[in-house]
There are 2 protein chains.
Amino acid sequence: MTSIAKVSGPDGKRAQTKAANRQAILAAARQVFARIGFDATTVRDIIRETDLAAGTFYNYFRSKEEVFEAIANESARRFRPMLQMVREKAQSFEEYIQAAYGAYFTFLQTENEDAISSGAPHMALIGVRVDTPEMHAIFDEIRMDLEQVAQTANISLEDSEYLTAAAIGIARELGDHMLQRRPVDVENAARFATTLLLDGVTGLARQPN
Amino acid sequence: MTSIAKVSGPDGKRAQTKAANRQAILAAARQVFARIGFDATTVRDIIRETDLAAGTFYNYFRSKEEVFEAIANESARRFRPMLQMVREKAQSFEEYIQAAYGAYFTFLQTENEDAISSGAPHMALIGVRVDTPEMHAIFDEIRMDLEQVAQTANISLEDSEYLTAAAIGIARELGDHMLQRRPVDVENAARFATTLLLDGVTGLARQPN
DNA sequence: ATCGACGCTTACGCGAACGTCAATTTCACG
DNA sequence: CGTGAAATTGACGTTCGCGTAAGCGTCGAT
């Protein structure tokens, strides 16, 4: 009969350092990716930012790609609950849009806090142009939200895919520019995006005469 | 006294093949970048797609980065005249927006003709996320156009940088999705983007009741 | 027809990053 | 403690792409 070894609980020292190491690698990777970009980054660059040895990296990830995926997934995992809160709380189309942009821009600011405070110029920001399943899931989620919330508001959307794409495009590009400004004006960016999406230029611009 | 050698005109055989080779390399690079992505591409990959030898590459470019830059610049060089035509012809704010989106989406379709007709699934499309001086120049150009055309239309833009960013964000993201659809619906995408930018969701959605 | 210059080719050495693995340290459990 | 399993270390060999340069063929001027 096979004796099943009684293993230390999830709070044994072994498990603790294992989790700590994993987190250390992820944190280091964020740093390096942000500093020199994903392409230029090597596994060694990442591990050098930790107090671990080269070989240890491979106990946790197979490649830098896998690290990147983990980071992206983690970001998505952190963002989705926020989106869900927005969805649950929103009482109108407008509220949903407003809150969603607010959530995204806040999230973006938080994720890039280090990069912002270090004031590094032209830093490559994490999260640009990822094309993972997680990202597609978020796209679909937003799309369904829009359809749902539009229906409730008795608005008919002619092409929810395009609308979603446009809304996300605004978020992405505006987000980039928002992060360049000091101080970072989350509120303003969210308000701008919301107004634009809802009313277009007509809403943004008051006819002066 | 230094004798200045009389050199063959620009249509000598030497010059011809030189231009042809350069074009061959650029074309090959487009192919490979599109197929396996910029990062994964090696100089050898590019040269293998031509009938040239490895060393010849370095007679024309110093690195794959330089090739990429050349491609991006060429794209920009081809696009900017279109934008200028739009600017000159446009008689109103609306016309400018409409024509600009039309020009961009048409351009995008043309640039990706090969990728589209080959029907390769999920192909990485050239032109995504470039951050060259050329691109910044185009951004500024559009921004100034918007300010100009808004002033003419007696509209005051509160934040032309954000507006430009949003307009470009819409173009980028919508463009990606447009390219995924068969047939590629340039007209529809341009109309969608224009309406959205001008009137927002209010313009896109007719209240059904 | 000759000859010099230009440009293409091929093969080579270099350096960087990779992934592994034997030796070593650390931890869990009796 | 003592022992075995688990995890870490860091040096090592391998692979891969790069850029160069000597050799060779081709073009063009006289």
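Throughout, a chain's letter reflects where its sequence line sits, starting with A, and its residues are numbered from 1. We use all heavy atoms of the structure for the numbers below, so side chains are in, but hydrogens, waters and symmetry mates are not.
- The environment of B:Glu161 atom CD is dense: over 12 non-hydrogen atoms of other residues, nucleotides or ligands sit within 6.0 angstrom.
- Within the structure, a side-chain polar atom (N or O) of A:Asn21 is placed less than 4.0 Å from OP1 or OP2 of D:dT8.
- At whole-Å resolution of the value, CD1 in B:Ile25 and P in C:dG7 are 13 Å apart.
- Counting only N and O atoms by type, the side chains of A:Asp45 and A:Thr42 include a donor and acceptor under 3.5 Å apart.
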Atom pairs, protein N/O to nucleotides 16-21 of chain C N/O, distance under 3.5 Å:
{"from": "C:dC18", "atom 1": "OP1", "to": "A:Val43", "atom 2": "N", "distance (Å)": "3.2"}
{"from": "C:dC18", "atom 1": "OP2", "to": "A:Val43", "atom 2": "N", "distance (Å)": "3.2"}
{"from": "C:dG19", "atom 1": "OP2", "to": "A:Tyr58", "atom 2": "OH", "distance (Å)": "2.6"}
{"from": "C:dG19", "atom 1": "N7", "to": "A:Arg44", "atom 2": "NH1", "distance (Å)": "3.2"}
{"from": "C:dG19", "atom 1": "O6", "to": "A:Arg44", "atom 2": "NH2", "distance (Å)": "2.4"}

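- The nearest whole Å value for the distance from the CG atom in A:Asn59 to the C1' atom in D:dA7 is 6 Å.
- Legend: residues meeting salt bridge (charged side-chain N to carboxylate O under 4.0 Å, His left out) with A:Glu147, ordered by chain and number and at least two apart, are A:Arg143.
- We find that CD1 of B:Ile47 is positioned 14 Å from C1' of D:dG17, with the value rounded to whole Å.
- No hydrogens or angles were tested; on distance alone, nothing pairs the side chain of A:Arg14 with the base of C:dA28 as donor and acceptor under 3.5 Å.
- The distance from atom CD of B:Gln16 to atom P of C:dC6 is 19 Å, rounded to the nearest whole Å.
- Atom CD of B:Gln23 is surrounded by more than 12 heavy atoms from other residues, nucleotides or ligands within 6.0 Å.
- In this structure, the NZ atom of A:Lys18 is 8 Å from the P atom of D:dT8, given to the nearest Å.
- The CG-P distance, from A:Leu52 to D:dA6, rounds to 20 Å in whole Å.
- Spacing between atom CZ of B:Phe61 and atom P of D:dC18 amounts to 15 Å, rounded to whole angstrom units.
- Smallest separation of non-hydrogen atoms from A:Met82 and A:Phe107: CE-CD1, 3.7 Å.
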Between A:Glu49 and A:Arg30, does a salt bridge (charged side-chain N to carboxylate O under 4.0 Å, His left out) hold up when you go through it step by step?
CA-CA 10 Å; A:Glu49 293 290 306; A:Arg30 281 176 190 275; over 6 Å; no

